[in-house]
Amino acid sequence: MGSPGGNVAELKNPGPRSGTLVSSVDGFAAAKAAGMKIVMVTAYDTWSARLLADTPVDCLLVGDSAMMVVHGEKDTLGATTELMAMHTRAVVRGAPGKFIVADMPFLAARKGESHALDCAATLLRAGAHAVKIEGAQGHTHVIRHLVESGIPVMGHLGLTPQWVRGLGGFKVQARDAAAAGQLREDAAALELAGVFALVLECIPQGLAREVTAAVRVPTIGIGAGAGCDGQVLVLHDMLGLNPDFRPRFARRFAEGAALVRAGAVHFAEAVRSGEFPTEGEGF
Ligand code: KIV
């Protein structure tokens, strides 16, 4: 990490990534130190990344939620390194100036240091600045190895979707004292392993606030309340693109589904009425 003074200067003058607060790993710590909220959103393809490129969103997450959101699967377990690298390359093409984090896929951190290193290397070569790894117990040594190898790692605790079978579904986590204590321990272990930021997903707000105060690295919440150092949403939830999915924590900041449908209806009507294309729209 760089000096705190340098980091704050960087925040004031983010250079080519104007409009964002976080343009490097150091920027995450600096944002927390300066009390500036970090804004992260998922992206999976070039067109949406291009639209997000000049917004004040700090960071794009190429999440393995792509499996559910883009590929229509019921969980994230089908993601592979190659697929995540393909989505990462697409996002980098659309938003080359953004800080981009790519998810390590299911079990990638559980097959030992060498396998994790290969996977992370593939994602970084695809253009990601950092990888995100779910969970802690049993693989903090792998995370430490990656960090010591120069690969920035974002942690992810609480509802870790890659554990969905073991968790018995997508449910709020760490509700009882024992589970909350374990999460506090896991957060401390991840900080010790060297993560530069920590996603907290679907845990009680009070616990998220406590963890945020306890760790030096910034926490980025999703369904974890306002006490986190930043917030992340899945792009399609944030834009209201999936009319059948409305989780309590995911506020819609646009009515994307209605917009898409209206566009399709207008197109169909214009074609059938003979109004489209006009002479000016042909050659
Ligand atoms: O894959 C993903 O989109 C995520 C976010 C929900 C944090 O991990």
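Side chains are part of it too, since the values below use all heavy atoms of this structure and drop only hydrogens, waters and symmetry mates. The structure displayed is predicted, hence computed values, not measured ones. Whatever order the structure lists ligands and atoms in, that order sets their numbers, starting from 1.
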Under 3.5 Å, which donor-acceptor pairs do the side chains of residues 210-230 form with other protein atoms, sequence neighbours left out?
residue	atom	partner	partner atom	Å
Glu210	OE1	Arg184	NE	2.6
Glu210	OE1	Arg184	NH2	3.3
Thr212	OG1	Ala208	O	2.7
Thr212	OG1	Thr219	OG1	2.7
Thr219	OG1	Asp229	N	3.2
Asp229	OD2	Lys32	NZ	2.9
Asp229	OD2	Thr219	N	2.9

Pairs under 3.5 Å, nitrogen or oxygen of ligand 1 with protein nitrogen or oxygen:
residue	atom	partner	partner atom	Å
ligand 1	1 (O)	Asp64	N	3.3
ligand 1	1 (O)	Asp64	OD1	3.2
ligand 1	1 (O)	Ser65	N	3.1
ligand 1	1 (O)	Ser65	OG	3.2
ligand 1	1 (O)	Asp103	OD2	3.1
ligand 1	3 (O)	Ser65	OG	2.5
ligand 1	8 (O)	Lys132	NZ	2.8

Quick one: does Arg144's side chain get under 4.5 Å of Thr140's, heavy atoms only?
-> no
Side-chain heavy-atom pair Thr122, Thr88 within 4.5 angstrom cut-off: no
Side-chain atoms of residues 147-161: list all donor-acceptor pairs with protein atoms under 3.5 Å, sequence neighbours left out, distances to 0.1 Å.
residue	atom	partner	partner atom	Å
Ser149	OG	His145	O	2.6
His156	ND1	Lys132	NZ	2.8
His156	NE2	Leu159	O	3.3
His156	NE2	Glu201	OE1	2.8

Worksheet item: Can you check whether Thr42 reaches Leu233 side chain to side chain, under 4.5 Å on heavy atoms?
Response: no
Excluding Tyr44, membership of its hydrophobic cluster (Ile, Leu, Val, Met, Phe, Trp, Tyr; side-chain heavy atoms within less than 4.5 Å) reads Val69, Val70, Val234
